[in-house]
Amino acid sequence: MIGSKRKGLGVVTTAAIATSALLISAIPAHAEVGVSSSEIKLGITLPLTGPASPGYSKIAPAMKAYFAYVNANGGVNGRKITLVIKDDQYIPQQAINLTNELILKDKVMAMVGALGTANNLAVASKVQIASRGVPSLFVNTGYSGFADKKKFPTTFSLFPSYVMEAKAIATYVKENLPTAKTCVLLQNDDFGADAAAGFKTGGLTFTETIKYVSGTQSSATGQTWVGKFAAAKCEVVVLFGVGSANAIALGVAAAGGYKPQWILGSVGSDVTTIKITLNNPQATALMNGAIGVSWAPDSSDLTDEYVKQFREINTTYNAGAVFDNNVMVGMNEGLLVVQALRAAGSNPTRKSLIAAIEKKGSTFATAGYSTLAYSATSHVGQTGFWFGKYNLAGELKSVDGKYTMYTTDSAAGPVVKAEQKRLPMPAKGLPSNS
Amino acid sequence: MKNLMSTKNKVIAFLASTSLVTMTMVALPSAAHAADPSCTNLVVITQCVGATSDGAPYVVQVPAKFTGTLFLFSHGYRHFVDIPVGIPLVGGYVITNTPQPAPGRTVAEITQVATSMLGKGYAVAGSGFARQGWNVDSGLKTNVELIAIIKKQFPKVTKVVAWGESLGGFITQALAEKYPTLVDAAAPLCMAAGSVEAALTMAGDALWGLKTFFDPTIVGSNYAAGAAGYAQAMGDIVKVLTVAGTLQAAISANPSAPAWPATSTVPASLKAIPSRSALVLVGVMSGVPTQSAHFDNSTGPGDPTSSAAAASAYVSYAAAISPALGTLENITAAAILGVMATYDVELQSGGTVFDNTKTDYAARLGSDLYTYGSALSGLDAASGMLAYLSPLNPAAPRVVGNPTAIAKMRALMSHTGKINVPTITLAAVADNATPAGHVQWLADRAAEQLTASRAAAKAAFLAGGTYVKPASKLMSIWQKTPTKYSKYTAAGSPDTTPAGANGTGHCNTTPAQNLAIADLAYAAANTGQLVVGGKLLTTLRKAGGLSYDPGFQASLLKFYNKG
């Protein structure tokens with residue numbers, strides 16, 4: 001009797017499974033938005049024009065150039081990558097409109113490298129990329145909040161956060177300039193607030209803190225800042241603004257003969273931006289001797305295998321654009337995107353793309369000198385910085401020659417010094433590891 | 001700025017004077033019983049007029065070639081008191097209950113929509129309702145009775161589509177929720193949804209913000225009884241318009257750092273912040289859109305590619321000043337409607353119905369703090385302004401509601417959000433009176449129901465039954481704004497002469513858009529299914545300016561944003 005009951009249950013179960021299978025097979029195979037048999041379409045918003053565009057405008061073309069190189073070498077599982085680039089002029093409201101366009105009209109599979117903290121926050125809130133299931137990969141911002149997987153489940157950070165950077169700078173200053181009167185320039189928004197939180201956690205206090213509203217930086221405001229720094233007798237000034245703000249501060253100070261020990265944050269130390277802002281090809285001389293902080297090699301480091309490979313691609317596929325840190329960032333993001341797409345399987349979907357980064361992202365090759373922290377519970381990318389000094393040409397050179405990394409988290413964790421560690425550049429810059 | 005109520009006045013004036021076939025005035029009945037309608041055969045249509053037992057006049061028009069489907073229209077909010085001629089924008093309004101059988105911004109548009117619908121074989125009908133102002137309970141009763149009257153007079157009516165604009169959209173949803181057997185499909189247009197409290201909170205927050213920052217003599221709530229309260233409400237409209245005019249002049253004179261109105265009593269330290277930033281704060285914390293009829297909140301004057309200086313000026317204007325101008329253009333209309341609706345509901349409820357003693361305006365701001373960082377003049381400025389609005393600041397007293405009045409307000413008809421019949425909403429993403437968050441609230445309820453239906457269907461299947469795939473009964477059609485639409489004169493001044501952009505203003509729909517919704521509702525009523533796929537997209541494309549985007553989610557009203 002027991003056997004027959006089991007048999008009966010088996011029949012019911014088999015029937016139910018068969019019916020379920022029928023239901024499932026009746027549903028047509030889902031073709032993912034932005035993915036066809038021959039193409040994967042991706043989108044990016046960033047400033048191509050406007051005051052924030054110098055420097056940043058080079059990121060998307062560099063990424064596109066890297067994709068062109070990959071496409072010329074067979075693409076990703078036979079599919080070519082198309083990158084649709086939209087100019088948001090660094091205005092959050094425009095980023096909202098243009099991201100909507102990319103998703104609804106251009107029908108991209110994913111956003112890649114969208115730039116700006118406020119812009120990404122605005123897009124997350126108003127375009128609801130998370131509830132739409134649209135991945136936003138390797139955003140060009142160090143805002144620590146994007147590592148909150150619960151709040152931004154489809155967003156992946158790449159840069160170490162501004163909190164991490166501020167904590168690293170705090171540690172460096174306390175170790176190397178412990179008695180100096182230290183001051184800081186911050187942007188009066190989420191970018192600056194993130195940094196301020198990091199400095200506080202890192203235990204660095206400032207004699208003078210100046211905050212500026214994004215978009216108000218000018219020669220006149222620069223005079224005010226520098227005047228305040230000088231009046232406060234600041235011996236060390238951390239410029240944690242965007243490139244145009246930092247450039248103005250450097251220019252005004254040089255003109256007035258004010259020479260503190262500058263420390264330039266990673267966001268605002270782009271050579272191209274500083275030259276264009278000051279309309280002076282020799283403006284890099286103003287950076288000479290300044291302490292700098294970076295998570296990746298300097299684009300001038302010809303001994304670095306990533307730099308060498310990206311430079312080669314740049315020459316052929318990016319119309320020989322001047323190779324700088326922004327070009328390197330764009331290409332590095334392209335390298336990560338290709339690895340993620342490969343890891344997402346032969347028929348990638350938005351869901352499989354996100355799952356792939358969570359599962360395999362920590363094994364992706366990156367130019368950064370710290371390993372990637374992606375996991376099922378973490379959307380954090382790089383986690384550390386090295387310190388160097390700028391020379392007359394605006395090149396950042398390691399202070400210890402070893403690229404000692406100051407690694408930490410965006411919370412209250414300690415700053416730990418470690419040797420730089422990373423995976424080798426894939427052969428010919430073409431990933432086969434994912 | 002376009003004035004909704006003056007448009008309606010024109011409609012009413014038209015209705016009162018025209019002999020056009022689609023409209024006829026109705027004499028108010030003296031008895032409390034509905035008389036039989038008075039019908040006239042006009043060859044191509046039969047027109048009936050009459051009044052329901054509550055005295056609400058109505059009009060019904062049935063074409064000779066009748067499909068059997070009746071469209072019952074509910075008009076939007078009409079002021080419940082006369083407004084003196086001297087008051088700008090809305091002065092000269094005279095209370096009326098003239099019936100309106102179809103949606104439209106002008107008399108010509110209403111006639112065009114009604115005539116087109118009759119030509120398609122749809123019958124149209126609408127009541128003027130027994131009372132004006134917030135009249136959901138009364139309007140619902142009227143509509144229920146009217147459907148019975150029409151069905152008795154026209155036995156060929158086999159399907160009923162309920163539709164309505166703004167407050168009429170609220171009545172439409174209420175009708176479909178409470179009396180699902182009376183309607184076969186519903187189409188709330190530019191609707192208010194949820195509750196009167198949700199709708200009034202936006203007005204209350206905006207009025208309180210304007211009062212606190214710019215003119216403490218604005219009353220805003222707790223209007224006095226009788227003639228004194230009426231005078232306060234009328235005075236508030238004038239004061240709000242004066243504040244808006246002063247701010248507009250200040251921004252024109254000095255867009256970067258406009259002065260504060262002389263009526264403002266905020267301390268000098270706060271006045272160091274541009275007044276436009278305080279205006280934007282009031283707007284975003286209340287939920288007033290920053291995109292308006294003429295300001296897209298993201299572009300500026302000039303050619304940003306001409307020089308570095310031009311680029312800098314353009315971006316600064318786009319990020320910081322355009323949102324202020326958009327807020328200004330929107331908040332005026334929202335505040336006028338807010339004054340009148342607050343005054344109205346207070347009278348109905350017997351006391352102050354707005355209460356912000358526990359409102360966390362920083363939470364209300366939410367991510368808008370970052371989106372509009374430049375417009376707010378940075379985090380520190382925003383923090384300073386929010387600190388001034390703190391409940392701990394005696395200079396910014398909060399409004400204390402009357403618990404009995406609030407309870408009475410909450411007893412007014414609210415929505416449950418249940419979608420009983422195929423329902424098609426039409427809403428603008430930047431509606432300044434009933435923001436898109438109203439529809440989003442309804443869409444969220446529909447999504448919850450769909451999830452529950454799916455779970456039930458799965459359970460039924462696993463229990464051995466047949467699997468029936470549940471489908472959503474709600475479809476949200478959106479009027480989306482163009483990416484860029486601000487216009488500037490050669491001198492770089494804002495040009496507000498073009499027609500308002502698609503997706504902005506209140507009930508700023510074209511006849512083609514309204515007719516497209518009517519066609520979709522007709523199909524839904526007759527098939528029990530929402531139109532999907534190519535037919536849907538073709539209908540929307542032909543109408544222009546409409547989009548169906550199941551992934552789109554508007555921000556909820558700030559009322560729901562508890563932080």
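Not measured: the values here are computed from a predicted model. Chain naming here is simple, since letters A, B, ... match the order of the sequence lines and numbering starts at 1 in each. Computed from heavy atoms alone, side chains included, the values below leave out hydrogens, waters and symmetry copies.
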Atom [atom1] of [X] and atom [atom2] of [Y]: how far apart are they, to the nearest 0.5 Å?
| X | Y | atom1 | atom2 | answer |
| --- | --- | --- | --- | --- |
| B/Ser555 | A/Gln128 | OG | CD | 6.5 Å |
| B/Lys484 | A/Leu98 | NZ | CG | 6.5 Å |
| B/Leu369 | A/Asp189 | CG | CG | 9.5 Å |
| A/Lys211 | B/Asp380 | NZ | CG | 4.0 Å |
| B/Ser547 | A/Lys105 | OG | NZ | 9.5 Å |
| B/Ser298 | A/Asp88 | OG | CG | 10.5 Å |

Under 3.5 Å, is there a donor-acceptor pair between the side chain of A/Asn188 and the main chain of B/Gly378?
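No; judged by distance alone, with no hydrogens or angles, the pair does not exist.
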Under 4.5 Å from any heavy atom of chain A - which part of [X]:
| X | value |
| --- | --- |
| B/Phe552 | both |
| B/Lys480 | side chain |
| B/Asn297 | both |

State, to 0.1 Å, how close [X] and [Y] come at their nearest heavy-atom pair, and which atoms those are.
| X | Y | result |
| --- | --- | --- |
| B/Ala318 | A/Ile91 | CB-CD1, 3.4 Å |
| B/Ser374 | A/Ser214 | OG-O, 3.6 Å |
| A/Arg132 | B/Asp549 | NH2-OD2, 2.9 Å |
| B/Thr305 | A/Thr49 | CG2-CG2, 4.3 Å |
| B/Ala311 | A/Gly50 | CB-CA, 3.8 Å |
| B/Thr371 | A/Ala122 | OG1-CB, 3.3 Å |

Side-chain heavy-atom pair B/Val315, A/Gln94 within 4.5 angstrom cut-off
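No. Closest side-chain heavy atoms not under 4.5 Å.
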Can you see whether A/Ser131 engages B/Gln553 through a side-chain donor-acceptor pair at a distance of less than 3.5 angstrom?
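Note: A/Ser131 and B/Gln553 side chains meet the donor-acceptor criterion.
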Residue pair A/Glu101 / B/Thr483, side-chain donor-acceptor N/O under 3.5 Å
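Yes, B/Thr483 and A/Glu101 have a side-chain donor paired with an acceptor closer than 3.5 Å.
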Verify the neighbour count for atom [atom1] of [X]: are there more than 12 heavy atoms of other residues, nucleotides or ligands below 6.0 Å?
| X | atom1 | value |
| --- | --- | --- |
| A/Lys228 | NZ | no |
| B/Lys271 | NZ | yes |
| B/Asp303 | CG | yes |

Looking only at heavy atoms and a cut-off of under 4.5 Å, which of A/Pro51, A/Ala193, A/Pro47 has the most pairs with chain B?
A/Pro51
Winner by heavy-atom pair count (cut-off under 4.5 Å) against chain B, out of A/Leu121, A/Ile103, A/Val127
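The answer is A/Leu121.
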Best-contacting candidate, B/Gly373, B/Ser312, B/Ala309, against chain A by heavy atom pairs under 4.5 angstrom
B/Ser312
